S.K.: 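The structure under discussion is supplied below as structure tokens; questions concerning it will follow.
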Amino acid sequence: LVIAAAAGPARASGEAAASVPAPSATRTVTTLVADSRPQQWTRSFAGIFVAREEIAVGTTLTDQRIASVEVEIGDRVAAGQVLARLETDMLENLLREAKGRVARAGAAMAREEETVTQEQRKLARARQLSHLQAATILEERVSALALAEQAVQVARADYDQAEALEAEARRKLDRAVIVAPADGIVSERLARAGALAGSEPLLKLIRGGEIEFAAEVPETELPLPAAG
């Protein structure tokens, strides 16, 4: 009897536990809205900035010394602006000598032309008196005039040469002032005051200040970069 009484409550308790529902599992769900947009990629390339067009400024007066340099690296210059000056003592002496030669040649040509005028008069007079003089006198006057005309041609050639030398001396003196051939930025300053000008450039300019980026890009990535 004791055993039966003990088993009854135990069975009833198990039935009650079975009748209670088990708690359900909870899950959290996250939702996203898809959006279509261009993808941007960044590429890095190593390189240097270089002048799009570089101008080497020098002089043909290689035996002249540099008197002064008027600009520094980084200066922006305009076309015609003075960049440097050369010493001009020797060039001014050459110009004075050339002027003197022109004056002497001009005086010599004037004398020869006057001689021609005189010989023309003598020839004209000899022709007027040809019936009173021997034929040899007329021939002498003709020969003298021809010689005088030849002397004028020689004097005129000397004068033209002297003028050409004077013009060249003036051009050299003008070239002693070195100016910028175009607008730009001074990228190199090689000239030093007191040094001979030499055949190497005295300065270098970046035409218009325009520069480019020079870099090595793999061939497979050449289509990727776009303007801007």
Side-chain angles (χ1 to χ4, degrees), residues 43-109 154-219 221-222 224-228:
R43 292 290 186 271
S44 297
F45 305 107
I48 59 174
F49 288 101
V50 296
R52 174 168 293 181
E53 184 179 353
E54 194 169 49
I55 307 173
V57 181
T59 179
T60 57
L61 304 176
T62 57
D63 56 345
Q64 300 299 313
R65 292 194 177 276
I66 300 170
S68 64
V69 182
E70 307 293 332
V71 293
E72 297 293 341
I73 295 176
D75 288 352
R76 184 176 290 274
V77 298
Q81 181 176 335
V82 176
L83 303 179
R85 300 178 188 273
L86 305 181
E87 294 181 355
T88 58
D89 293 344
M90 184 183 302
L91 300 176
E92 290 172 352
N93 289 336
L94 289 175
L95 180 58
R96 282 193 291 268
E97 291 176 2
K99 287 181 177 180
R101 182 170 180 175
V102 168
R104 292 190 296 272
M109 185 173 63
V154 173
R156 183 171 290 115
D158 289 343
Y159 180 77
D160 292 342
Q161 184 179 12
E163 280 196 323
L165 291 175
E166 181 185 2
E168 178 61 20
R170 290 185 183 278
R171 285 193 292 270
K172 285 184 176 181
L173 189 58
D174 292 340
R175 289 199 296 268
V177 179
I178 300 168
V179 300
D183 296 348
I185 296 175
V186 180
S187 59
E188 289 189 50
R189 179 185 183 276
L190 308 173
R192 293 183 301 102
L196 286 174
S199 58
E200 298 297 324
L202 302 179
L203 303 110
K204 291 185 179 180
L205 304 179
I206 300 174
R207 183 186 291 273
E210 297 181 350
I211 59 175
E212 297 177 333
F213 181 67
E216 293 185 0
V217 180
E219 186 176 357
E221 298 187 2
L222 285 177
L224 297 179

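Note that the coordinates shown come from a computational prediction; the quantities given were computed from them, not determined experimentally.
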S.K.: How would you list, by chain and number, every residue that makes a side chain to side chain contact (heavy atoms under 4.5 Å, CB included) with I211, sequence neighbours excluded?
M.R.: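 Checked I211 against side chain to side chain contact (heavy atoms under 4.5 Å, CB included); matches are F49, I206.
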S.K.: Checking the side chain of S187 only, and the main-chain atoms of K204 only, is there a donor and an acceptor separated by less than 3.5 Å?
M.R.: yes
S.K.: Quick one: are K172 and Q64 in side-chain contact, heavy atoms under 4.5 Å?
M.R.: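 No, side chains not in contact.
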S.K.: Do T60 and R175 have side chains that approach each other closer than 4.5 Å (heavy atoms only, starting at C-beta)?
M.R.: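 Yes, their side chains come closer than 4.5 Å.
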S.K.: Ignoring hydrogens and angles, tell me if any N or O in the side chain of R65 forms a donor-acceptor pair with the backbone of G194 under 3.5 Å.
M.R.: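 The answer is yes, because a donor-acceptor pair under 3.5 Å joins these two groups.
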S.K.: Can you tell me how far CG of D63 sits from CG of L91, rounded to the nearest 0.5 angstrom?
M.R.: 8.0 Å
S.K.: Rounded to the nearest 0.5 Å, how far apart are OG1 of T88 and CG of L94?
M.R.: 11.0 Å
S.K.: Side chain to side chain contact (heavy atoms under 4.5 Å, CB included), that's the test. Do R85 and E70 meet it? Break it down for me.
M.R.: CA-CA 8 Å; R85 300 178 188 273; E70 307 293 332; 3.7 Å; yes
S.K.: Would R170 and L95 count as a side chain to side chain contact (heavy atoms under 4.5 Å, CB included) if you check the C-alpha gap in whole Å, the side-chain angles of each, and the deciding distance to 0.1 Å?
M.R.: CA-CA 6 Å; R170 290 185 183 278; L95 180 58; 3.5 Å; yes
S.K.: Using a strict cut-off of less than 4.0 Å between a Lys/Arg side-chain nitrogen and an Asp/Glu carboxylate oxygen, indicate whether K99 and E166 qualify as a salt bridge.
M.R.: no
S.K.: Can a donor-acceptor pair be found, under 3.5 Å and without considering hydrogens, that links the side chain of D183 to the backbone of A79?
M.R.: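 Side chain of D183 to backbone of A79: a pair is present.
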S.K.: Show the nearest heavy-atom pair for residues A162 and R101, with the distance to one decimal.
M.R.: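 Looking at all heavy atoms of both residues, the shortest contact is CB-CG, 3.7 Å.
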S.K.: What is the minimum heavy-atom distance between A214 and V50, and which atoms define it?
M.R.: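 Here A214 and V50 meet closest at CB-CG2, 4.2 Å.
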S.K.: Where is the tightest heavy-atom contact between I66 and V69, given as atom of each residue plus distance?
M.R.: CG2-CG2, 4.1 Å
S.K.: Short question: side chain of R189, backbone of V71 - any donor-acceptor pair under 3.5 Å?
M.R.: yes
S.K.: Which atoms form the tightest heavy-atom contact between A98 and A169, and what is the distance?
M.R.: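 That closest heavy-atom pairing would be CB-CB, 4.4 Å.
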S.K.: Measure the spacing between OG of S68 and CD of E87 and express it to the nearest 0.5 Å.
M.R.: 9.5 Å
S.K.: Give me the atom names and distance for the closest heavy-atom approach of R156 to M109.
M.R.: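 Nearest heavy atoms, R156 then M109: CA-SD, 3.5 Å.
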S.K.: L83 and L202: side chain to side chain contact (heavy atoms under 4.5 Å, CB included), yes or no, with the steps?
M.R.: CA-CA 9 Å; L83 303 179; L202 302 179; over 6 Å; no
S.K.: Report the residues that fulfil side chain to side chain contact (heavy atoms under 4.5 Å, CB included) with R76, sequence neighbours left out, ordered by chain and then residue number.
M.R.: I185
S.K.: Return the minimal non-hydrogen interatomic distance between L61 and A176, and the atom names on each side.
M.R.: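 It is CD1-N, 3.9 Å.
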